[in-house]
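We use all heavy atoms of the structure for the numbers below, so side chains are in, but hydrogens, waters and symmetry mates are not. Computed from a prediction, not measured in an experiment: that's the story for all the values here.
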Amino acid sequence: MRHDDLRERVCAANLSLPTHGLVRLTWGNVSEFDREDEIVAIKPSGVPYDRMTPADMVLLRLDGTVVAGDLRPSSDTPTHLAIYRAFDEVSGVVHTHSTHATALCQVRRELPCLGTTHADHFAGTVPLTRQLTPAEVAEAYEANTGRVIVEAFADRGLSPTHVPAVLVAGHGPFTWGTDGQDAVHNAVALDACAEMTLLTGQAERDLPPLEPHLLDKHHTRKHGPRATYGQADPHTSGAPR
């Protein structure tokens with residue numbers, strides 16, 4: 001069947017969420033966008049991870065039209081699609097209710113960059129969206145969730161490549177990347193950084209941000225043309241990974 005490889009990758013990425021401790025029950029989903037064929041594969045709604053197979057992944061277009069799959073796609077599908085439509089660099093999206101990042105969403109706090117661990121993954125503060133209005137919740141809730149995510153980046157002039165994550169107020173985190181597994185990688189990093197920040201706040205209430213020169217050093221040594229971290233990728237131009 002066409003796009004079997006896409007379904008297999010997305011299923012594997014979804015199954016990695018409980019492995020990393022990012023989800024409980026069915027609280028999360030991964031999608032991946034094949035930009036060449038303009039097809040998105042996403043987890044089906046409410047299916048337990050221990051029963052999930054690649055054939056269960058739902059294939060759809062960016063307008064939400066299902067093109068393959070017998071199950072209903074994730075209820076968060078309109079949010080994923082809004083991110084893909086707005087951010088050309090993104091080809092994988094993850095939504096979870098991971099404990100520490102969700103705690104920040106619930107207290108309506110953004111995630112500041114306090115140390116180099118954060119800087120290795122996110123080039124500055126991970127933003128918090130505004131709260132949705134009653135009208136936005138009542139009508140097209142999931143699509144409006146995507147809209148406030150995009151709005152948060154536009155309002156702050158943030159690059160979704162440099163900060164591949166967001167905290168949705170009162171809800172939970174979304175992360176993204178070059179594919180589904182890259183988005184999962186960023187979800188793991190986000191929750192770890194959120195945990196560190198919450199613990200740091202218990203020890204010291206006045207939390208100074210990481211100095212800009214340290215932030216820039218740590219982010220650019222892992223990302224972009226000046227990256228030096230890791231080994232050269234034989235499948236690319238040789239940029240370290």
* Taking Asn144 for its side chain and Ala140 for its backbone only, find out whether a donor-acceptor pair lies under 3.5 Å. => yes
* Structure fact -> CG of Leu6 to CG of Asp179, rounded to nearest 0.5 Å, is 10.5 Å
* Okay, side chain of Ser16, backbone of Thr19: is any donor-acceptor separation there less than 3.5 Å? -> no
* Asked: Counting only N and O atoms by type, is there a donor-acceptor contact under 3.5 Å from the side chain of His118 to the main-chain atoms of Gly124?
  -> yes
* Asn29 versus Val94: any side-chain heavy-atom pair under 4.5 Å? -> no
* Heavy-atom closest pair, residues Gly180 and Val30 -> CA-CG1, 3.9 Å
* Spatial distance of atom NE2 (His3) from atom CD (Glu8) [nearest 0.5 Å] -> 13.0 Å
For residues 184-198, please give each side-chain donor-acceptor pair under 3.5 Å, one per line with the distance, not counting sequence neighbours.
| unit_1 | atom_1 | unit_2 | atom_2 | d |
| --- | --- | --- | --- | --- |
| Asn186 | ND2 | Trp176 | O | 2.8 |
| Asn186 | ND2 | Asp182 | O | 3.4 |
| Asp191 | OD1 | Ser98 | OG | 2.8 |
| Asp191 | OD1 | His100 | N | 3.1 |
| Asp191 | OD1 | Ala101 | N | 2.8 |
| Asp191 | OD2 | His100 | ND1 | 2.9 |
| Thr197 | OG1 | Cys193 | O | 3.1 |

* Asked: For the hydrophobic clusters of this structure (ILVMFWY residues joined by side-chain heavy atoms under 4.5 Å, transitively), does one cluster hold both Phe122 and Val168?
  -> yes
* Give a yes or no answer on whether the side chain of Ser45 reaches the backbone of Arg72 with a donor-acceptor pair at less than 3.5 Å. => no
* **Between His80 and Ser31, a side-chain donor and acceptor under 3.5 Å** => yes
* Closest approach of Ala183 to Gly177 (non-hydrogen atoms, all atoms of both residues) -> CB-N, 3.8 Å
* CE on Met52 to OG1 on Thr26, rounded to 0.5 Å -> 8.5 Å
* **Co-membership, hydrophobic cluster, residues Leu158 and Leu167, 4.5 Å side-chain** => yes
* Give a yes or no on whether Leu132 and Ile83 share a hydrophobic cluster (residues Ile, Leu, Val, Met, Phe, Trp, Tyr; joining criterion: side-chain heavy atoms under 4.5 Å apart). => no
* To do: Check for a donor-acceptor pair, side chain of Asp34 on one end and backbone N or O of Asp37 on the other, with a separation under 3.5 Å.
  => yes
* Do Val126 and Glu110 have side chains that get closer than 4.5 Å, going by heavy atoms? -> no
* **Between CZ on residue Arg147 and OG1 on residue Thr129, distance to nearest 0.5 Å** => 11.5 Å
* For residues Thr65 and Leu60, determine if any side-chain heavy atom of one lies less than 4.5 Å from a side-chain heavy atom of the other. => no
* Donor-acceptor under 3.5 Å (Thr77 side chain, Ser74 main chain) -> yes
* **CG (Asp50) with more than 12 external heavy atoms under 6.0 Å** => yes
* Have Asp76 and Thr79 got a donor and an acceptor in their side chains that come within less than 3.5 Å? -> no
* Could you walk me through whether Glu32 and Arg9 pass the salt bridge (Lys or Arg N to Asp or Glu O under 4.0 Å) test, one step at a time? => CA-CA 8 Å; Glu32 186 171 316; Arg9 289 197 307 274; 2.8 Å; yes
* How about Leu62 and Val40: do any of their side-chain heavy atoms sit closer than 4.5 Å? -> yes
* Close side-chain approach of Asp56 and Arg7, heavy atoms under 4.5 Å -> no
* Single-linkage hydrophobic cluster Val93~Trp27, side-chain heavy atoms < 4.5 angstrom -> no
* Structure fact -> In this structure, CG of Leu59 is separated from CZ of Arg61 (nearest 0.5 Å) by 9.5 Å
* Asked: What are the two closest heavy atoms between Pro127 and Val166, and how far apart are they?
  -> O-CG2, 3.6 Å
* Asked: What closest approach, in Å, do Thr125 and Cys113 show between heavy atoms, and which atom pair accounts for it?
  -> OG1-N, 4.2 Å
* Structure fact -> Between Gly28 and Val23 the two heavy atoms that sit nearest each other are CA-CG1, 3.9 Å
* Can you establish whether the number of heavy atoms outside Arg108 located under 6.0 Å from its atom CZ is more than 12? => yes
* To do: Assess whether atom CZ of Arg35 is packed by more than 12 heavy atoms of other residues, nucleotides or ligands within 6.0 Å.
  => yes
* To do: Decide yes or no for Leu128 and Leu104: does some side-chain heavy atom of the first lie under 4.5 Å from some side-chain heavy atom of the second?
  => no
* **Non-hydrogen atoms of Ala82 and Gly146 that approach each other most closely** => CB-CA, 3.8 Å
* With a 4.5 Å limit on heavy-atom distance, are the side chains of Thr161 and Phe87 in contact? -> no
* Please examine the side chains of Val10 and Ile42, heavy atoms only from C-beta on, and report whether any two atoms are closer than 4.5 Å. => no
* Is there a path of hydrophobic side-chain contacts, each under 4.5 Å between heavy atoms of I, L, V, M, F, W or Y residues, that connects Ile149 with Tyr141? -> no
* Asked: Are Arg156 and Glu151 close enough, and set up right, to give a salt bridge (Lys or Arg N to Asp or Glu O under 4.0 Å), and what steps lead you there?
  -> CA-CA 8 Å; Arg156 294 165 175 81; Glu151 178 186 287; over 6 Å; no
* **Ser159 side-chain N/O to His162 backbone N/O, donor-acceptor pair under 3.5 Å** => yes
* To do: In sequence, state the C-alpha distance, the side-chain angles, and the governing distance for Phe33 and Leu81, and then conclude on side chain to side chain contact (heavy atoms under 4.5 Å, CB included).
  => CA-CA 9 Å; Phe33 182 26; Leu81 299 181; over 6 Å; no
* **Pair His95-His171, side chain to side chain contact (heavy atoms under 4.5 Å, CB included): steps then yes or no** => CA-CA 10 Å; His95 172 51; His171 186 177; 3.3 Å; yes
